[in-house]
Amino acid sequence: MSLRIVVTVKYVPDATGDRHFADDLTVDRDDVDGLLSELDEYAVEQALQISENSDDDVEITVLTVGPEDAKDALRKALSMGADKAIHVEDDDLHGTDAIGTSLVLAKAVEKAGYDLVISGMASTDGTMGVVPALLAERLGVPQVTLLSEVSVDGGTVKGRRDGDTATEQLEASLPAVVSVTDQSGEARYPSFKGIMAAKKKPVESWDLSDLDIDEDEVGLENAWTAVDSATERPARTAGTIVKDEGEGGKQLAAFLAERKFV
Amino acid sequence: MAEVLVYVDHVDGAVRKPTLELLTLARRIGEPVAVALGNGAADTAAALAEHGAVKVLTHEAAEYADYLVVPKVDALQAAAEAVSPAAVLVPSSAEGKEIAARLALRLGSGVITDAVDLEAGDQGPVATQSVFAAAFTTKSRVSKGTPVITVKPNSAAVEPAPAAGAVEALSVSFSAAATGTKVTARTPRESTGRPELTEAAIVVSGGRGVNGEENFAIIEALADSLGAAVGASRAAVDAGWYPHTNQVGQTGKSVSPQLYIASGISGAIQHRAGMQTSKTIVAINKDAEAPIFDLVDYGVVGDLFDVVPQLTEEVKSRKG
């Protein structure tokens with residue numbers, strides 16, 4: 001038996017950089033370094049662990065939708081140990097929102113062939129956390145999301161979802177869409193050998209016509225949502241800072257009392 | 001007046017506070033029609049009526065607890081088709097966002113998540129969001145279909161606004177996808193007796209500086225003196241000192257309380273993303289250069305093991 005895993009990843013502006021918006025109110029990608037979204041590293045890691053724990057022949061394809069530079073994210077995932085990569089790139093994709101992105105990913109996943117899709121819990125730029133659910137809806141397969149533990153046994157995927165009010169054990173038949181949290185296990189660092197090997201791994205490039213998607217189904221103009229304004233949050237007014245000379249706790253209590261919290 | 005669907009988050013009929021906040025926001029757009037599903041659905045009606053629901057659509061079925069997300073999407077879709085609402089509002093929990101996204105796709109609509117405010121606009125409801133670790137505020141709207149919007153806790157005040165709250169049975173037929181993901185076991189989270197982290201008016205958080213699981217007792221003691229929820233930074237959670245369910249930050253909970261007290265937390269971007277919109281911020285840290293001090297209304301440079309217990313005692317004595 002074989003198991004085909006597609007890991008969806010996103011190339012995002014570095015969260016520690018000075019992120020801002022471009023004139024068309026999309027995320028500016030020019031002035032801040034990009035990288036593989038940290039939360040997607042956990043998805044790559046779980047795919048690798050499923051592969052290592054499996055007796056089956058497992059093939060891991062890493063998939064991204066994004067501009068030319070997004071290849072860096074694919075390269076990182078390949079150097080961690082994924083087998084091959086697919087880059088969906090098309091100028092008409094600029095400004096596509098979550099609903100549109102899920103369409104592109106669904107078509108690409110179907111074209112690639114899959115038994116299991118693994119995603120991160122959210123991107124570190126948009127932070128919506130809805131693409132895995134959208135992908136499951138579009139593909140018509142079970143959604144097994146926000147897992148802190150995941151395992152595949154035969155044709156079944158199982159996992160633990162830590163929710164707000166309860167911890168749930170989930171189970172579904174493959175094919176399925178899984179998303180994993182940052183609690184699922186530390187992602188490995190690429191080894192030197194892995195980095196060298198990644199240079200020789202295949203990266204396919206697809207555009208919208210390869211996926212039979214019309215240009216009027218994606219892009220900023222055709223998005224299902226519109227951003228009308230983006231304003232930088234005013235810097236917080238400098239507060240009072242005191243050094244504790246033995247009365248710091250009492251001074252703080254006085255401040256809280258003044259603000260009516262006590 | 002147009003109707004606005006509000007998805008009710010409840011536990012066996014007890015309505016959670018963010019749903020009541022949604023009713024406040026829904027009334028700005030139209031007449032709130034609540035949708036309550038699963039065990040105890042009809043028991044939600046009194047609280048919902050008191051806060052402005054003109055109707056409460058209910059449906060009880062085992063599927064809502066036994067399978068993940070999709071049965072609830074089926075029900076909300078049935079409600080949307082029955083009501084033709086001006087918007088659908090859903091609390092911004094992890095599950096709420098998944099339900100909202102799938103519903104939007106089925107309705108041919110756009111979805112906006114994690115709104116922190118909502119107002120009526122010429123082209124439909126306008127949602128305010130806090131993005132890039134709260135460095136920017138955006139205003140957005142859904143431009144196609146029925147707007148589906150999830151709203152974060154603490155985005156509006158709970159306001160009494162008595163309405164009829166007439167209970168009507170919702171007719172739901174489950175899709176083939178509904179039973180795709182089975183919930184084989186469920187362990188309810190043990191109650192700490194403290195307020196829910198995302199809903200609390202005051203949050204007291206500990207970070208790396210707390211330096212050990214056992215030391216979180218002094219953070220909890222301060223929290224209890226103020227009636228606050230307890231949070232933890234990623235460093236403290238990764239070290240195993242406090243549960244992940246209490247993590248504040250980009251990969252944990254995002255909180256926006258009236259008062260946030262950070263103890264032994266340096267204020268890395270990861271953490272700031274989850275607390276920067278708090279109304280009043282207070283920090284205690286040994287390092288005068290810690291970035292958290294850039295955010296504070298009041299900061300104490302000092303050893304949290306001296307400052308926090310003294311603060312706790314002083315709060316207790318002031319409260320008498």
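Just so it is clear: chains get the letters A, B, ... in the order the sequence lines come, proteins before strands, and each one is counted from 1. Being a predicted model, the structure only gives us computed values, none of them experimental.
No donor-acceptor distance shorter than 3.5 angstrom exists from the side chain of B/K139 to the backbone of A/T231, with no hydrogens or angles considered. Judged purely by atom type and a 3.5 angstrom limit, B/S140 has no side-chain atom pairing as donor or acceptor with the backbone of A/D228. Judged by distance alone, with hydrogens and angles left aside, the side-chain atoms of B/K97 form a donor-acceptor pair with the main-chain N or O of A/M128 at under 3.5 Å. Of the possible donor and acceptor atoms, one in the side chain of B/Q250 sits under 3.5 Å from a partner among the backbone N and O of A/T124. A distance-only check finds a donor-acceptor pair linking the side chain of B/Q310 to the backbone of A/G246 [under 3.5 Å].
With a 4.5 angstrom heavy-atom cutoff, B/V300 touches chain A via backbone and side-chain atoms both. A/A98 does not touch chain B: none of its heavy atoms, backbone or side chain, sits under 4.5 Å away. Heavy atoms of A/R138 lying under 4.5 Å from chain B belong to its backbone as well as its side chain. Of the atoms belonging to B/Q247, it is side-chain heavy atoms, and not backbone ones, that fall under 4.5 Å from chain A. When heavy atoms are compared at a cutoff of 4.5 Å, A/F261 approaches chain B by way of both its backbone and its side chain.
Annotation: maximal heavy-atom pairing with chain A below 4.5 Å, among B/V73, B/D297, B/I269, occurs at B/D297.
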Check the pair B/T181, A/E171 against side-chain hydrogen bond (donor to acceptor under 3.5 Å, both in side chains), reporting the backbone distance first and the verdict last. CA-CA 6 Å; B/T181 305; A/E171 192 176 312; over 6 Å; no

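Between B/F136 and A/F21, the angle of the ring planes goes over 60°, which puts this pair in the perpendicular group of the 30/60° scheme.
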